[in-house]
Amino acid sequence: MQVGYDRLANEQKNEEFMEKLKQCAPEGVNIMEPVKGSRTDDWDNDEEMWERFRSAIIPADFLVIFCDIGVDELTIELCQRFRKPIAITPMSAYSTPTLAAAVGSRKLCEFYPFMRWSDLGYHLGIMRARKVIQNTRILLASRMNSQVSKSAVDTFISHDSVTNKLGVQFRYVNIHELLDDMAPATDEGNYTTPGRKTWNINENDMAEIEKLADELMSGAVEVCVERKYLINSLIAYYTVKKRMDSLDCNAFTAPCPDVCSTRRVNNMQFTFCLTHTLLTEEGIASCCEYDVDAVLSEQALIAVSGKSPYMGNTSPLPMENGKFQWRFGSTDEGQSKLMANPENIYLMQHSVAHRRISDSTKNSPYALRHFAYDQGFGAVMRHDFDKDAGQTMTMCRFSPDGQKLFIGTGTVICGDGYDLDNCNNLVYFRVADQYRFFNAQNNVGNHLTMVYGDYTQQLRDLAKALNVEVVEP
Amino acid sequence: MQDTSKIVELILSFNTAATQEMALIKSANPLTLPFLHEHLYNFVLAKFMMTKDDCPNDNFTDIANASLAKSMKISPELVKEFDNAKSCSGTSSVMAKKVLLFLKIQKELDIILPAERSAKIKTMSDLSDMVWDTLQEQHTKGGKI
């Protein structure tokens, strides 16, 4: 070696390392500026170097170390000092097993060994998904009980324990205060919070709402809801978004039956269905019935797939005495399409379908209908699941204690309820084994969430990273 | 099999060309960036035993690859595919070739090239710009520039 060779050669290697790291990193993973340490055969180990490391490492979520000759011992010290999740460059073949054993046995931090850059890139995607979960802040418009609503009693039992385990934060707003925001502000303030600053709908919001209503009506294949009711539902959507923005939330749910029984939604003539539809269409987790568990399950799907999920009551459609058993939302006409092969059928049903279920990059055809049969209010969107026949579905849901994650797959057969009002749009799908699916689902609850495509491995790895047990049929 | 004396003759002629190009750079007064670029380019080609006809483009790494391909008598694509680090130092042949060139430039011009910038060089212009800037920083007292 010539004097100065290593100084120049190390920079060449560093450049190659950074290029390969950036190439393998998936979308949404931010590769930060590298911090460099140096060591000579004096085995130097200066505090000045560690101070530089400290300021660079504190804001990082995950460390990828480029180990060269003679620095394995420094890597162990780095794990001891910072305890961050860490991987070694796949270029350092022999340092990987050395450090995996050395760090693992010392139980210093999460250590991930990789043979290939593609494996590292995949794992960075899983780490990003975990960060998405850990940075979820759910707006909860509660009425009687901030933890569990009157209908979705299989939701998370304790938000505090979910925060402790998964890092998710919960932001509560009283449903009456939220509903008061749906009208223009007055000088006296809102009824429930007189004199306080609020986030009421204003003239600018109304102009945007009118415009969005026109776009939705003109773009729909069928419109079976009056414009004034569509406007009412869009006011709810805008009000929720404003409150989410004010509290920096990125997910939402409200307790439909609990709110319904206030009779205020009857008076104001809207439902939250379209709010959930439009939020999930945008990739923001939002679920019916104050099912906080389903919201976080949607978030998991969004995090691993980048797609907009759908959710609903999920139930087997078993045959008994030559007939399908009755299930809410399932019609004779829909069931007739299943008779040719009635085995292992399931359904998922709620009025929160949207335009990005089939293709996350462009809108699919849709219809607009209404929720309240007789009065006609409550705009809902309809998706024709018949057109998705053959699509693979990945489904998931956390258990109420947050300790388990159900992961299942199915194949779309057809839809039902596209032409009906109320909460009737549904998708029929076939699972590998109805009994096994049923038994596994019973660990977690009713509302499953789904996206198209097979993301089972990503969900398994996300669950492992979250220290959550996987339940599969 | 090639005649050994012809190979020696070829190596000596490229060495002579490199020495002449570097001498022109060192004797220029004043030295200008266009002059430096032209003769540094010729110096690199001579050190890599290449002619302008052999050059695929202005990309420094591609030129280093082409040089390696020429000496190994394989295609530049194969160099890219198989030139992985073989030694415990973790440097590939193309990396080593570039670094040895930098060391030669440092020695001839009595400068210390900035390591971080040297690793980011993409084109021959990047190389001459770096050498120009380094000369300006480190030789201002000599008054050559």
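We name chains A, B, ... by the order of the sequence lines, and we start the count at 1 in each one. Quantities reported herein were computed from a predicted structural model and do not represent experimental measurements.
- Within residues 108-124 of chain B, the residues that have a heavy atom under 4.5 Å from a heavy atom of chain A are Ile112(B), Leu113(B), Pro114(B), Ala115(B), Glu116(B), Ser118(B), Ala119(B), Lys120(B), Lys122(B), listed by number.
- At least one side-chain heavy atom of Leu8(A) sits less than 4.5 Å from a side-chain heavy atom of Gln106(B).
- Summarising the local packing, OH of Tyr94(A) is surrounded by 12 or fewer heavy atoms from other residues, nucleotides or ligands at distances under 6.0 Å.
- For residues 12-23 of chain B, an interface with chain A (any heavy-atom pair closer than 4.5 Å) does not exist.
- Other residues, nucleotides and ligands contribute more than 12 heavy atoms inside 6.0 Å of the CD atom of Glu19(A).
- When the shell of 6.0 Å around CG of Asp44(A) is examined, it contains more than 12 heavy atoms from other residues, nucleotides or ligands.
- Atom NZ of Lys165(A) has more than 12 neighbouring heavy atoms from other residues, nucleotides or ligands inside a 6.0 Å radius.
- Open room surrounds NZ on Lys464(A); 12 or fewer heavy atoms of other groups in view lie less than 6.0 Å from it.
- Phe102(B) is not listed as a side-chain neighbour of Glu11(A), based on a closest heavy-atom distance of 4.5 Å or more.
- For Glu48(A), the CD atom is densely surrounded, since the number of other residues' heavy atoms within 6.0 Å is greater than 12.
- Expressed to the nearest 0.5 Å, how far NZ of Lys98(B) lies from CD of Gln12(A) amounts to 4.5 Å.
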